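Single-structure report; data block below.
Atom set for the values below is all heavy atoms of this structure, side chains included, hydrogens, waters and symmetry mates excluded. Note that the coordinates shown come from a computational prediction; the quantities given were computed from them, not determined experimentally.
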Amino acid sequence: MEITQFGPDDQVPLRATVDVANAAIGADAPWSHPATLTSYAGMLRHGWDGEPSVPFLATVDGTPVAWATYNTSEWDNTHLAWLGIEVHPAHRLRGHGSVLMDFLVDRARSEGRTSVGIDGWDSDAARAFAARHGLEKKSQSLNRRQLLADVDPDLVKTLWHGAAELGSAYELIRRSGLTLERDLPALTRMASAINDAPTDDLDIEDEVFTTERTRNFETCQLARGFRLHRVVARHRESGELAGHTVVLVEAERPAIGHQEDTSVVRSHRGHRLGQWLKADMLRWLGRIEPQLETIDTWNAESNDHMIEVNDRLGYRVLGRSLQFQRSLQG
Ligand SMILES: CC(C)(COP(=O)(O)OP(=O)(O)OC[C@H]1O[C@@H](n2cnc3c(N)ncnc32)[C@H](O)[C@@H]1OP(=O)(O)O)[C@@H](O)C(=O)NCCC(=O)NCCS
């Protein structure tokens, strides 16, 4: 097998990667939106917040059989390398995944990383493959989708008003695109509340949030071709930011939306702000993104509070993803 590192501008391996990814999606998660050249080039150029994964294409006699990613951060979790491996369904069970795993683990070791993680849709293949390579399941999360045509606007209105009554000490602020420079420090402090989301048994540290990183997230998502919409809850009396929710809409496929972080700062919890923020986002999106058809979200299965809000808003489960991890020490 030949393993070649490539970049977002390398059209031939990029196209081959999108083809492998789409074949894997068809086999493992047919509900997922297909990969596109634009979405993958954007992801590989910018990543989540400016630390994109390093991608590799694996070929055998010139035929693409798999692709893989190697992802590390310098902001936090510097012990960890998070890996991605997808083998084309027509080329599975021939050891290709294992060659890639060994290759990526070698790289992690050589860079001084002491732990590796990988995720995959819940399947016999993912479980057996992870076990074969000494990785244990540490967490599981569910992918849910909201079909906006099925969401009853009266229900959203009721949920909005029910929460607004409890949240009378707060006001909601809606903003599309970049956060104003002067608001970045407060937004960053508030958004770090996402560190309270459960991480189950994963050996990971809290994420480090800085204004630079918050800005990176916004500029990267916009550069990737997403429209970014954020609703923020502000405590009227103190002016403190209490929580927020973010939805990205794909410019290339504007029917598709992605729910990103929703978080409420610990001291402001218990006022149904999570529900209010999400209901408000839905009502707002109905006006500014009327073509939007679906919003996808991810939650750790143990995240009861967020899931309860999502259930009320009509989210339905698509599939379960498993997170595996192993230490490279010892
Ligand atoms: C999981 C995946 C990467 C395995 O790739 P692969 O090239 O088929 O794996 P390998 O041939 O190297 O198999 C490695 C081991 O896993 C086991 N395995 C792989 N697929 C399996 C399956 N469907 N059922 C049972 N065991 C399986 C093999 O038996 C093998 O064990 P062995 O070496 O003791 O015989 C591939 O199925 C895939 O791309 N799945 C979708 C993406 C994904 O889930 N990636 C992350 C997984 S944690």
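The existence of a salt bridge linking D183 and R234 is excluded, since no basic side-chain nitrogen approaches an acidic carboxylate oxygen closer than 4.0 Å. Between K137 and D201, no side-chain nitrogen of the basic residue sits less than 4.0 Å from a carboxylate oxygen of the acidic one, so the salt-bridge criterion is not met. Classification of E260 and R230 as a salt-bridged pair fails, no side-chain N sitting under 4.0 Å from a carboxylate O. One finds a salt bridge joining D280 and R174 here, because a Lys/Arg side-chain nitrogen approaches an Asp/Glu carboxylate oxygen to under 4.0 Å. A salt bridge links D122 with R127: at least one charged nitrogen is closer than 4.0 Å to a carboxylate oxygen. With respect to the salt-bridge test (charged N to carboxylate O, under 4.0 angstrom), the residues E212 and R215 do not qualify.
Considering every non-hydrogen atom in both P30 and D28, the closest pair reads CD-C, 3.7 Å. Contact record, A251 with R227: CA-NH1, 4.0 Å, taken as the closest heavy-atom pair. The minimum heavy-atom distance linking P34 with R253 is given by the pair O-NH1, 2.8 Å. A108 and V116 make their closest contact through CB-CG1, 3.8 Å (heavy atoms, listed as atom of the first residue, atom of the second, distance). Nearest heavy-atom pair, A126 versus W121, reported as atom, atom and distance to 0.1 Å: CB-O, 3.5 Å. Q275 approaches A163 most closely through the heavy-atom pair NE2-CB, 4.1 Å.
For the residue pair E289 and H229, a side-chain donor N or O sits within less than 3.5 Å of a side-chain acceptor on the partner. When only modelled atom types and interatomic distance are considered, Q329 and T114 share no side-chain donor-acceptor pair under 3.5 Å. For the residue pair Q259 and T297, no side-chain donor N or O sits within less than 3.5 Å of a side-chain acceptor on the partner. With 3.5 Å as the limit, one finds a donor-acceptor pair spanning the side chains of H33 and R145. With no hydrogens or angles considered, no side-chain donor-acceptor pair links E86 and T17 at under 3.5 Å. Counted by atom type alone, T72 and E74 present zero donor-acceptor pairs between their side chains at under 3.5 Å.
When atom types are taken as modelled, the side chain of E218 and the backbone of T179 share a donor-acceptor pair closer than 3.5 angstrom. Panel note: side chain N143, backbone G319; no donor-acceptor pair is recorded below 3.5 Å. Without hydrogens or angle criteria, R326 side chain to A130 main chain gives no donor-acceptor distance under 3.5 Å. When atom types are taken as modelled, the side chain of T214 and the backbone of T210 share a donor-acceptor pair closer than 3.5 angstrom. Side chain of D200 to main chain of K138: no donor-acceptor pair is present (N/O by atom type, distance under 3.5 Å, no hydrogens or angles). Judged by distance alone, the side chain of D102 and the main-chain N or O of V99 form no donor-acceptor pair under 3.5 Å.
Residues L313 and V151 share a hydrophobic cluster, clusters being chains of Ile/Leu/Val/Met/Phe/Trp/Tyr side chains in contact below 4.5 Å. No continuous path of hydrophobic side-chain contacts links L282 to I173 [ILVMFWY only; heavy atoms under 4.5 Å]. The hydrophobic cluster containing V20 does not contain L83, counting ILVMFWY residues as joined when their side-chain heavy atoms lie under 4.5 angstrom apart, directly or transitively. Grouping the Ile, Leu, Val, Met, Phe, Trp and Tyr side chains by contacts below 4.5 angstrom, directly or via other members, places L159 with V264. In the hydrophobic cluster analysis, where Ile, Leu, Val, Met, Phe, Trp and Tyr join through side-chain heavy atoms closer than 4.5 angstrom, L104 is grouped together with L328.
Counting heavy atoms of neighbouring residues, nucleotides and ligands inside a 6.0 Å radius, atom CZ of R15 does not exceed 12 of them. The local environment of CD in Q291 is crowded, with over 12 non-hydrogen atoms from other residues, nucleotides or ligands closer than 6.0 Å. Heavy atoms of other residues, nucleotides or ligands lying less than 6.0 angstrom from CD of E252 number more than 12. E205 CD: more than 12 foreign heavy atoms inside a 6.0 Å radius. The neighbour count for E165 CD, taken as heavy atoms of other residues, nucleotides or ligands under 6.0 Å away, does not exceed 12. Within a 6.0 Å sphere centred on CG of D124, heavy atoms belonging to other residues, nucleotides or ligands number 12 at most. Within a 6.0 Å sphere centred on CG of D61, other residues, nucleotides and ligands contribute 12 heavy atoms or fewer.
The structure places CZ of F209 at 5.5 Å from CG of N195, a figure rounded to the nearest 0.5 Å. Distance NE2/H244 to OG/S263: 3.5 Å, rounded to 0.5 Å. Taking CH2 of W160 as the reference point, atom CZ of R272 lies at 14.0 Å (rounded to 0.5 Å). The CZ atom of R144 lies 5.5 Å from the CG atom of D311; values are rounded to the nearest 0.5 Å. Atom CG of L44 and atom NE2 of H46 lie 10.5 Å apart (nearest 0.5 Å). Rounded to the nearest 0.5 Å, atoms CZ (F56) and CG (L100) are 9.0 Å apart.
The shortest distance between side-chain heavy atoms of S141 and Q323 falls below 4.5 Å. Side-chain contact between R109 and V105 is present, with at least one heavy-atom pair separated by less than 4.5 Å. L57 places none of its side-chain heavy atoms less than 4.5 Å from the side chain of V12. Two residues are said to be in side-chain contact when any heavy atoms from C-beta on lie closer than 4.5 Å; L135 and M101 meet this criterion. Contact annotation: the side chain of L322 approaches that of Q140 to within less than 4.5 Å [non-hydrogen atoms, C-beta and beyond]. Using a 4.5 Å heavy-atom threshold, the side chains of P8 and Y40 count as separate. Looking only at side-chain heavy atoms (C-beta outward), H133 and F324 stay at 4.5 Å or farther from each other. Two residues are said to be in side-chain contact when any heavy atoms from C-beta on lie closer than 4.5 Å; R113 and R107 fail this criterion.
The aromatic rings of H268 and H235 are tilted relative to each other, their planes meeting at an angle between 30° and 60°.
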Point to revise | CA sep, side-chain torsions, deciding dist, call: S327, D203, side chain to side chain contact (heavy atoms under 4.5 Å, CB included) | key: CA-CA 9 Å; S327 165; D203 168 25; over 6 Å; no
Exercise for review: Take V60 and H91 through the test side chain to side chain contact (heavy atoms under 4.5 Å, CB included) and record every step on the way to the result.
Suggested key: CA-CA 10 Å; V60 172; H91 300 277; over 6 Å; no
Review point. Do Y315 and I295 pass the side chain to side chain contact (heavy atoms under 4.5 Å, CB included) test, and can you show the C-alpha distance, the side-chain angles, and the key distance before you say yes or no?
Key: CA-CA 9 Å; Y315 275 90; I295 304 179; 3.3 Å; yes
Exercise for review: Could you give me the CA-CA distance, side-chain angles and deciding distance for D76 and D206, then say whether side chain to side chain contact (heavy atoms under 4.5 Å, CB included) is met?
Suggested key: CA-CA 8 Å; D76 49 56; D206 279 359; over 6 Å; no
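For the pairing with W48, the ring pair (Phe, Tyr, Trp, His ring centres under 6.0 Å) check across W75, F217, W82 returns one residue only, F217.
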